2 protein chains.
Amino acid sequence: MHKYSKQTRLLLAVDCIIFGFDGEVLKILLIKRGFQPEKGNWSLMGGFVQVNESLDQASNRILKQLTGLEGVYLEQLHTFGETHRDPIERTVSTAYFALIDIHKYETQLSNDYHAEWFSLKRTPKLIFDQQEMVETAKRRIRYKAALHPILFELLPDRFTLPQLQILYESVFNATIDKRNFSKRVLATGLLIKLTDKDKKNSKRGAFYYQLNKKNYYAKFQAFMNFIPNPDTLLL
Amino acid sequence: MHKYSKQTRLLLAVDCIIFGFDGEVLKILLIKRGFQPEKGNWSLMGGFVQVNESLDQASNRILKQLTGLEGVYLEQLHTFGETHRDPIERTVSTAYFALIDIHKYETQLSNDYHAEWFSLKRTPKLIFDQQEMVETAKRRIRYKAALHPILFELLPDRFTLPQLQILYESVFNATIDKRNFSKRVLATGLLIKLTDKDKKNSKRGAFYYQLNKKNYYAKFQAFMNFIPNPDTLLL
DNA sequence: TTTAATAGTGTATGTTATACACGTTATATC
DNA sequence: GATATAACGTGTATAACATACACTATTAAA
């Protein structure tokens with residue numbers, strides 16, 4: 001037996017929603033699409049799945065092409081399969097989302113793709129159903145970050161508590177009491193206090209912390225319950 | 001512009017993990033596969049995605065073929081895209097999971113497919129990577145049920161607190177104090193106490209409850225925190 | 001009428017979440 | 001060098017929630 005005859009074969013694509021954090025707001029990386037249809041319009045980075053690569057491999061390849069990064073946080077989000085989502089030809093697309101340290105991102109590669117970071121609050125109109133993909137990714141990242149420490153993936157190796165708090169406040173669009181916040185994050189045992197300070201953002205300076213990697217991997221799946229009223233979060 | 005030329009088209013399938021609850025343990029519905037390869041072996045219900053149907057439509061069609069049910073809880077789980085997961089030909093499969101009231105399940109249809117319910121603890125060997133699909137579905141249902149009231153989808157319209165508790169204990173493989181359990185579930189405001197009792201399972205009889213549908217849909221996304229040590233749950 | 005089996009209920013204690021304000025530090029400025 | 005400034009870092013009291021735990025009620029069957 002060689003093939004499943006009489007079955008229709010479809011195009012299968014992968015699209016990546018790449019999140020970064022610049023210290024103030026969450027951003028996503030978009031490119032100007034280089035081919036028809038919708039050539040020149042803002043788009044997620046995507047591509048067709050090749051016959052000799054898995055979906056995970058395809059998404060990693062695409063992520064590397066756009067950011068130059070490998071080994072970053074990348075997770076399958078959802079597969080979008082409406083029949084006419086691509087007007088040219090039936091294409092099913094599996095969306096992935098990535099969380100990267102925006103400072104490690106290599107701009108020379110991005111220039112080849114005319115990539116730009118956009119604040120999530122001011123994203124341009126996207127092609128096809130990509131707006132829905134981004135919304136789904138935003139919901140997922142909020143949902144997951146309310147329960148698991150994924151947001152550290154957006155920060156550099158060394159970060160301060162004020163930076164971390166701004167990140168959480170940005171993702172959840174909420175203000176958090178800094179005394180309660182530091183109690184909570186320090187109670188997780190996930191952070192190691194370093195001896196030197198970041199002096200860029202204040203005169204006094206704020207102590208750097210880094211992740212306790214061992215605890216991080218061990219506790220990654222543990223729930224955290226950072227958010228006061230998670231009822232407002234949607235899956 | 002008519003087509004994306006030069007791109008490889010792949011087979012795209014949908015596989016359904018159908019959960020039911022018989023009052024004691026969680027079960028999944030399997031069929032004996034009717035065609036090669038692996039003909040006659042136990043398998044999830046699946047099929048190829050047709051060119052004129054979305055993924056959601058395909059999964060609903062397949063669910064209806066096997067169970068006769070429509071409008072039940074059905075959610076996309078994950079897309080499995082390893083290159084050689086199907087030995088015959090590269091096939092990417094999007095897995096869905098369904099939660100159904102086992103009593104509504106129509107057996108006449110199942111007989112056409114030689115379908116059988118299997119306790120999750122005693123499932124036969126499955127074809128391809130379907131064992132992994134089932135494991136992923138089990139993790140997802142536990143994870144989600146720890147936070148959202150999805151398990152009601154497995155129960156009949158009228159159910160008792162002891163039945164509900166057995167369901168939770170079965171899903172989480174844990175014992176729960178019944179005083180604390182009833183406090184918690186009643187505090188959600190999701191249940192309406194009825195006036196009559198189920199006398200099948202005890203001499204005294206246990207009051208029936210039904211879902212407050214309005215609150216159910218309103219609070220579905222709210223976190224519930226039913227489980228004492230969710231650290232043990234994996235995504 | 002006695003037995004057996006399951007249903008149903010309350011309280012005390014510990015843990016966790018929340019609300020809330022001021023002294024500390026280091027640079028920059030005068 | 002004194003002072004002003006701007007952000008950092010910390011503790012406590014209260015409320016809410018989670019947990020541990022045991023007996024009485026009900027009804028069918030013997």
Side-chain angles (χ1 to χ4, degrees), chain A residues 23-24 145-147 149 155 158-170 172 174-210 219 222-233, chain B residues 23-24 146-147 155 158-170 172 174-210 219 222-233:
Chain A
E24 295 186 1
L147 301 167
L155 292 172
R158 292 147 43 93
F159 52 85
T160 66
L161 289 187
Q163 282 168 9
L164 184 64
Q165 181 168 349
I166 289 167
L167 172 56
Y168 272 89
E169 291 181 333
S170 163
F172 292 103
T175 59
I176 309 175
D177 180 90
K178 67 177 168 177
R179 287 165 291 193
N180 295 336
F181 182 79
S182 78
K183 259 184 289 182
R184 286 270 268 289
V185 293
L186 295 176
T188 62
L190 256 44
L191 299 190
I192 300 169
K193 189 176 188 173
L194 303 181
T195 52
D196 55 335
K197 290 179 167 184
D198 165 42
K199 294 286 187 70
K200 286 189 294 295
N201 297 302
S202 75
K203 295 166 184 168
R204 179 176 174 183
F207 279 105
Y208 279 116
Y209 287 80
Q210 67 180 32
K219 294 192 181 181
F223 288 65
M224 295 188 74
N225 202 24
F226 262 125
I227 300 311
N229 289 309
D231 308 59
T232 58
L233 302 177
Chain B
E24 295 186 1
L147 301 167
L155 291 172
R158 292 146 45 93
F159 52 85
T160 66
L161 288 187
Q163 282 168 9
L164 184 64
Q165 181 169 349
I166 289 166
L167 173 56
Y168 272 89
E169 292 181 333
S170 163
F172 292 105
T175 59
I176 309 175
D177 180 90
K178 66 177 169 176
R179 287 164 291 194
N180 295 336
F181 182 78
S182 77
K183 260 183 289 183
R184 287 270 268 290
V185 292
L186 295 176
T188 62
L190 256 44
L191 299 191
I192 299 169
K193 189 176 188 173
L194 302 181
T195 52
D196 55 335
K197 290 180 167 184
D198 165 43
K199 293 286 186 70
K200 286 189 295 293
N201 297 302
S202 76
K203 294 166 183 168
R204 179 175 173 181
F207 279 105
Y208 280 117
Y209 286 81
Q210 68 181 32
K219 295 192 181 181
F223 288 64
M224 295 187 73
N225 201 24
F226 262 124
I227 300 313
N229 288 310
D231 309 58
T232 59
L233 302 177

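Note that this is a predicted model, so its numbers are computed, not measured. Residue numbering restarts at 1 for every chain, and letters A, B, ... go by the order of the sequence lines.
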Closer than 4.0 angstrom, basic N to acidic O: yes or no for B:Asp198 and B:Arg158? no

Comparing nearest nucleotides in DNA chain D, the 5'-proximal residue of the pair A:Tyr209, B:Gly205 is A:Tyr209

Separation of A:Lys200 atom NZ from C:dA26 atom P, in whole Å? 17 Å

Where the side chain of B:Asn180 is concerned, which of C:dT9, C:dA21, D:dT19 is the nearest nucleotide? D:dT19

Which pair of non-hydrogen atoms, one from B:Ile166 and one from B:Glu24, has the smallest distance, and what is that distance? CG2-O, 4.0 Å

Can you tell me how far CD of B:Gln165 sits from OG1 of B:Thr175, rounded to the nearest 0.5 angstrom? 9.0 Å

Between C:dA4, D:dA22, D:dG9, which nucleotide gets closest to the side-chain atoms of A:Pro162? D:dG9

Of the options D:dG9, D:dT5, C:dG8, whose atoms approach the side-chain atoms of B:Phe207 most closely? C:dG8

Look at the side chain of A:Lys199 and the base of C:dA26, then say whether one donor and one acceptor between them are separated by less than 3.5 Å. no

Would you kindly give the CZ-to-P distance between B:Phe181 and C:dG10, to the nearest whole Å? 18 Å

Gap between atoms NZ and C1', on B:Lys197 and D:dA28 respectively (whole Å): 12 Å

In whole angstroms, how far is the C1' atom of C:dG8 from the CZ atom of B:Arg184? 18 Å

Please say which of A:Leu161, A:Leu164, A:Val185, A:Leu155 ends up in a side chain to side chain contact (heavy atoms under 4.5 Å, CB included) with A:Tyr209. A:Leu161

Looking at the base of C:dT11, is there any donor atom on it, or on the side chain of B:Lys183, that sits under 3.5 Å from an acceptor on the other one? yes

In this structure, how many angstroms lie between the P atom of D:dA22 and the NZ atom of B:Lys178, rounded? 13 Å

Just the rounded figure in Å: distance from P of C:dA19 to CZ of A:Arg179. 11 Å

Integer-rounded Å distance: D:dA7 P and A:Leu161 CG: 17 Å

Tell me if the centroids of the rings in B:Phe159 and B:Tyr208 come within less than 6.0 Å of each other. no

When you measure only distances, ignoring hydrogens and angles, does the side chain of A:Lys203 come within 3.5 Å of the base of C:dT25 through a donor and an acceptor? no

Taking the nucleotide of DNA chain C with the closest heavy atom to each, which residue, B:Ser182 or A:Asp177, is nearer the 5' end? B:Ser182

For A:Gln165 and D:dA7, what is the distance between atoms CD and P respectively, to the nearest whole Å? 14 Å

